[in-house]
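Notes follow once the structure below has been shown.
Numbering of ligands and ligand atoms starts at 1, following listing order. Residues: numbered from 1 along the sequence shown.
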Amino acid sequence: MKVPMLDLNAQYSPILDDIRAEIEKVFATHAYKLGPQVKEFEEDMKEFCKVKHAIGCASGTDALLLALLALNIYEGDEVITTPFTFFATAGTIHRVGAKPVFVDVKPDTFNIDPQKIEPAITSKTKAIIPVHLFGQPAEMDKIMDIARKYDLKVIEDNAQGIGAEFDDKFAGTIGDIGTLSFFPSKNLGAMGDGGMCLTNNDELAAKLFQLRVHGENPQYYHKWVGLNSRLDTIQAAVLLVKLRSLQSWSDARRQNAEYYYKHLNDIPQITLPVIHKKVASIFNQFTILAEQRDGLLKHLRTHDIGCAVYYPRALHLQECFAYLNYKEGDFPVSEELSKKVISIPVFSEITREQQDFVIQNIRKFYR
Ligand SMILES: *Cc1c(COP(=O)(O)O)cnc(C)c1O
């Protein structure tokens, strides 16, 4: 038996004809630049996420950059975020000239620890970027309280949490701007790159629509320096079709996660992820903490089971951020997680037989 980390063939086969038909429409009109499918997808996303504005762009990384630009975050500003995330969260803060200020995460949910945010706030702090890691929203109630108290902006990095909820509100629609990624392995993945900003603020939305086309309005007149970051029409056509299945894919992931919770909970060498009581996760990953993590990784891979380490090195210890002068030991939870985490396959189309095979092999390793 083989268990991949993600089975794109299984995901695409039932909908490939519909995708082909939608892409054919793009070829028929040659409307490659912000064609009608982009608008249609943005409208559908507004409805799906119950949000006022959705602005498509070229990637999840660009969505973060656009959000930072829209909120006037520049050189000299500080932005608080987690060191236990994908690189882009902090990379984009650096890219606009601001300084990433890290705050450790909670050991059970892997998300930013709200209690540690306040002590990190200085007169230069402009914004907080919580990340909804592995599909589970961060504690947005507490984060928004802090932001209101100190007059800070909040950008939700929701690249991994499309459709997840906190307190019955959709992740990415609670802060000032939420960002999404349509990288192929995200829960809603394009056949290439894509991203999106979500906001309920009319002014920010208008600015984001301009920033994605070099800040121009009208054409060739520039109020701001933006990016060239449109959502590609062909990708929008793909996403438009795939969005119709997203709810059922998320439901399947939740059931698959449930199965792991039920069948892995008696192995003393592993710790299962904790889902906060106010949260509905969409399980972009099922990430466990494992003793002898590297041995387990090797064992599973030897048995043709896909698994991955997200992320093996916390961001405060990355070479490119040496200038921030963080050192080992500064964020012990993140550092510990980077040594213990392993994500196992939880994709929507995984079969129970495949999950049983994963479970048996984890047991076999510790026996
Ligand atoms: C995937 C991801 C991004 C970046 O998205 P791209 O579309 O690959 O640019 C940003 N933040 C997080 C947390 C991600 O997982």
## Note on the structure
among protein heavy atoms, the one nearest atom 11 (N) of ligand 1 is Asp157 OD2, 2.8 Å
### Query
Near Thr85, which atoms of ligand 1 are under 4.0 Å from a heavy atom of that residue?
13 (C)
#### Entry: No-hydrogen, no-angle side-chain donor-acceptor test under 3.5 Å, Asp157 and Thr89
yes
### Message
Salt bridge or not between Glu139 and Lys106? Use side-chain N to carboxylate O under 4.0 Å.
### Response
yes
### Task
Give the residue and atom name of whichever protein heavy atom lies nearest to atom 8 (O) of ligand 1, and the separation in Å to one decimal.
Phe183 CD1, 3.8 Å
### Message
Is there a polar contact, in the sense of an N or O pair closer than 3.5 Å, between Gly60 and ligand 1?
### Response
yes
### Task
Tell me which protein heavy atom sits closest to atom 5 (O) of ligand 1, plus the residue, atom name and distance to 0.1 Å.
Ser181 OG, 3.2 Å
### Query
Distance only, no hydrogens: is a donor on one side chain within 3.5 Å (strictly under) of an acceptor on the other, for Lys242 and Asn187?
no
### Task
Output the list of atoms in ligand 1 that are nearer than 4.0 Å to some heavy atom of Val131, sorted by atom number.
13 (C)
### Query
Heavy atom under 4.0 Å from ligand 1: found in Thr61's side chain, backbone, both, or neither?
both
### Task
Please work out whether the ring planes of Phe170 and Phe48 are parallel, tilted or perpendicular, with thresholds of 30° and 60°.
tilted
### Task
Answer yes or no: is there a side-chain heavy-atom contact under 4.5 Å between Phe286 and Phe347?
no
### Task
Report yes or no: does Lys186 have a heavy atom closer than 4.0 Å to ligand 1?
yes
### Task
Tell me whether the guanidinium CZ or amine NZ of Arg352 lies under 6.0 angstrom from the six-membered ring centre of Tyr259 and within 45° of its axis.
yes
### Query
Any luck finding a side-chain donor-acceptor pair between Gln247 and Asp251 under 3.5 Å?
yes
## Note on the structure
Residue, atom and distance of the protein heavy atom nearest atom 3 (C) of ligand 1 read Phe86 CD2, 3.5 Å
### Task
Considering non-hydrogen atoms only, spot the tightest contact between Ser343 and Tyr310 and give its length.
OG-CD1, 3.4 Å
### Query
Taking only heavy atoms of Gln160, which atoms of ligand 1 are found under 4.0 Å from at least one of them?
13 (C), 14 (C), 15 (O)
### Query
Counting only heavy atoms, which portion of Thr179 has something under 4.0 Å from ligand 1: side chain, backbone, both, or neither?
neither
### Task
Report the part of Ala88 in contact with ligand 1, treating N, CA, C, O as backbone and CB onward as side chain, heavy atoms under 4.0 Å; options are side chain, backbone, both, neither.
side chain
